[in-house]
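Working notes, structure below.
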Amino acid sequence: MVQRLARLGKLLIGLWLAGVAIAMFLVVPQYEGLGNAGRIVIMHVPTAWVAVVAFTVSAIFSARYLWRRRPQDDDYALAAAESGFLFTTLATVTGMIFSQVVWGVYWNWDPRQTSIFVLLLIYAALFALRAAIDEPQRRRQLSAVYSLFAFVTMPFLVFVAPRIADSTLHPNCAFIQGSQCDGLTLEVGKIGLLGDRKVQLLALERNGDVVTAQVKVSEPGLTAERVLSPSFDLVHEEMVARPEFPGLRYQLGLEAVDLEANSALLNIEAPGTGLLENRRTLFTFLAAIIGFTALFFWMLSVRATLLGVQWALAQRAGGRL
Amino acid sequence: MSGQPALCNPTSRTPPGRVCEHHPGFQFLCYNRQVETRLTVEGVAATYGARRVFADVSLELSGGEVLVVSGANGSGKSTFLRLLAGLQRPEAGQIVYRCGGQALDPRDAARLIGWVAPDLMLYRELTGRENLRFFAEVRRLHLDDGAIEALLERVGLAGRGDERLATYSSGMAQRLRYAYALLHHPPVLLLDEPGLTLDERGTAVVERVIAEQRRSGIVVVATNDPRELRYGDLLLRLGT
Amino acid sequence: MSVALEAGVAIYVAMAVALAVWIGIFVYLWRLDAQASALKRELEREQSEDPVERAPAPRATVTRVRPASSEPGEG
Amino acid sequence: MHKELDQNVAGVEREELEASGSLGVRAVLGASWAVFVKDLRTELRTRYAINVLVLFAACAAVAVSLGVGFIGLRRTDEALLIQATLLWIALLFAALNGLSRGFVQEEETRTMAALRLAAPPLAVYLGKFLLNVLLLAVLEAITSLLFIVLVRVQVGSPLALIGTLAAGGLSLATATTILAAIIARASFKSALFAVLAFPLIVPPLIVAIQSTAAALGSGGLPQAVPALQFLGAYSVATFVASLLLFRFVWEA
């Protein structure tokens, strides 16, 4: 009976994720300005989520191993780490593709990128450690300790990662409903950073109800400069012209103007803002997260069973020697 | 020290009747042999990697008894002693030390053990005396110079205590292992290949140590040397 | 070939590729799962039928060489 | 003679034993000190770790000096960050080469078993940790002096720099000491040590570099306080985790 249910569940995972794959292409509306490549986000976000879940599961089973010293617990810890490594790699690669399509760079030392990179390093270190210890009991125990110790340092990484880049390109303020980029208030003549672009407010010109700003935008490394002219309607209090950053699909918005102080609030605007207001997209997202999480737990159990069988066979062979 | 081990023997330091219950200082009493130490081995199995070395070893030893462990090379003699010393965890079964009838936590039990083995290495950069002083300090024993000198003399290293271990011959190193093991007067003495690289006078030291230890404590000897087999009250044959 | 790359068709092609990849992974995982559980069941059955088979560990015997009460001789 | 020895055994610190049944806090600290003194004595006789640490740091400082010392770097924020990064790279690589010595030596000379039987695990950890802290303090003093002299680094706020170096060094020691114990039981020890340590050191390293750059510039001690707090919190967390986990490493 239980076995039947389990088979049914596995079949369901297969159908569910097939459905997600179809929905990813056919149901989700195209991202404004990003083209079809933006659809990869449907895969990117759940795999990143699973990566974090896997790391936690691995730490929990490591602690259980130290507590009870049953080889099965270590099998699960290792299986979680292996699946986690797979999903972390997937999240990194999909993220890099997205990054290249949207911003023209594969890698940017963004806080999310920094933490996921370190996560990859930790997994790799864990596997290197396991490979370097021959004695099975010692291997299990030491890798459990390392896994737990790494888990303790993770919160610090999450806290410190945003310090590396002055601001982030990662669109947590663009795609997720209700959150906003703060933007940057500049006086005329002053310089500031939006994303990794240096911006300088050259002038503010009023023409009737519309104020147009002249903004000089510099590429990272100062390879190119261009002057953009976003504008703002004083009466309706809304943005009018939103030019794109050169080479990027991000737009420069003029969100507020204070003519007396001669300053303006500039902000980076991602296409697809308010994306999840779209119900279909939101549900596809949730379905993908559920599906990938279930897939992870299935892979976990298969791999752990295999490891257990492997160990039992080794014991039998050893016993005959 | 009487020949008969005194079980739950109240002393001037401990009020009568308290020794058998949880007595905070009873480990100290064990050190001093005022309370009998017993060793119970139940269904112990050991593995090397995935290979089983031996299984289902059960025995019981009390103060004054000597167990000799013998068996072919690779039959697990040293492994058995490492299990008894708590340096390795048995794959199955358990090893319990009792002090005055009370089972000790394995981590506390480790401190009642003196272990001599070819695997036992001391610090080569330090002199013999510095080695002993260091181990006395980490065990929180307050030994003065006289005591350490007496110990060195007992194992036949009198006058050689200020040389570095790196300059010791293998026989001298073996003698220093005895000094290391006897430092805290352990009620349990585990000897792996006790006569290894020892000359005649060294062998005499071993015989004297075993004779003194068996007056009240436990001795376990792992050996294949027929001369050493006769030490035993009990004989454990592995891999037969 | 060029039909497959046309804008309207390309998305279906991409979807088909993604689906094919997923079905491949799913079938592989399914079979791996079945084999692993079968092996595990087999091992458990063998063990319950013949527990000695698993661990034919070398025997160990304890014998008392000297009577418990005797005084230990010197050396 | 035998009798005399027995009396000496009575010198076991009875009050310590009676306090808890097993060794109490005072006994563990005493044993830690013994381990520390033993390691220090061994180190002073072989001078292995200190040689590696200091030579590595000196090579790094000279290499950096050869590369950038003759350029009159303007003291921009970027220049300060680069100098701080170079300083910490030198410290990090020296530390990753020398700090595992304490445990690796016990394993290589096969003295671990003797120590395991005699010493409480915590005492071993604390003793080795103290030695690593001492080694790092020496290393940091020498390296930063070399940088000031050879690379012509100007220090805006010495107090903030010393604070950052101390807190950063402490973080390094707490994060790596238990890893040294882990890799001592594995093969490919030194390479593995760097591989295991690096991902865990990234957070304090970033903060330390940024705080060092601020200290080289005009930032005073008050400006360094958030970084010091972060490094302190990291040290405490990894130290506590090490105390809890070390037993399992030592018994493995």
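Note that the coordinates shown come from a computational prediction; the quantities given were computed from them, not determined experimentally. In what follows, chains are A, B, ... by sequence order, proteins preceding strands, each numbered from 1. The figures here come from the full heavy-atom set of this structure, side chains too, leaving out hydrogens, waters and symmetry mates.
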Problem set entry | Interchain contact, D/Ala123 with chain B, by part (heavy-atom threshold 4.5 Å) | neither
Exercise. Can you check whether B/Leu126's main-chain N or O pairs, donor with acceptor, with D/Arg41's side chain at less than 3.5 Å?
Worked result: no
Exercise. Salt bridge (Lys or Arg N to Asp or Glu O under 4.0 Å) with B/Arg177: which residues, sequence neighbours excluded?
Worked result: none
Seminar exercise, completed: Within residues 236-252 of chain D, contacts to chain B at heavy-atom distances under 4.5 Å involve D/Arg247, D/Glu251
Exercise. What residue in D/Thr109, D/Val37, D/Leu115 has the most heavy-atom pairs under 4.5 Å with chain B?
Worked result: D/Leu115
Exercise. If we only count heavy atoms from C-beta on, is the D/Thr42 to B/Glu125 side-chain gap below 4.5 Å?
Worked result: yes
Seminar exercise, completed: One should read off an interatomic distance between B/Asn131 CG and D/Thr111 OG1, to the nearest 0.5 angstrom, of 9.0 Å
Problem set entry | Side-chain (B/Tyr180) to main-chain (D/Ala114) donor-acceptor, under 3.5 angstrom | yes
Problem set entry | B/Phe135 vs D/Leu117 side-chain heavy atoms within contact, under 4.5 Å | no
Problem set entry | Worked check of side chain to side chain contact (heavy atoms under 4.5 Å, CB included) between B/Phe134 and D/Asp39 | CA-CA 10 Å; B/Phe134 165 65; D/Asp39 275 354; over 6 Å; no
Seminar exercise, completed: If you tally heavy-atom pairs under 4.5 Å between each of B/Arg82, B/Arg164, B/Arg124, B/Arg89 and chain D, the highest tally belongs to B/Arg164
Seminar exercise, completed: Heavy atoms of D/Pro120 and B/Val138 approach each other most closely as CD-O, 4.0 Å
Problem set entry | Contact class of B/Arg133 relative to chain D, heavy atoms under 4.5 angstrom | neither
Problem set entry | Partner set under salt bridge (Lys or Arg N to Asp or Glu O under 4.0 Å) for D/Glu106, not counting sequence neighbours | D/Lys38, D/Lys128
Seminar exercise, completed: Contact list (residues 43-58 of chain D to chain B, heavy-atom gap under 4.5 Å, by number) returns D/Arg45, D/Thr46
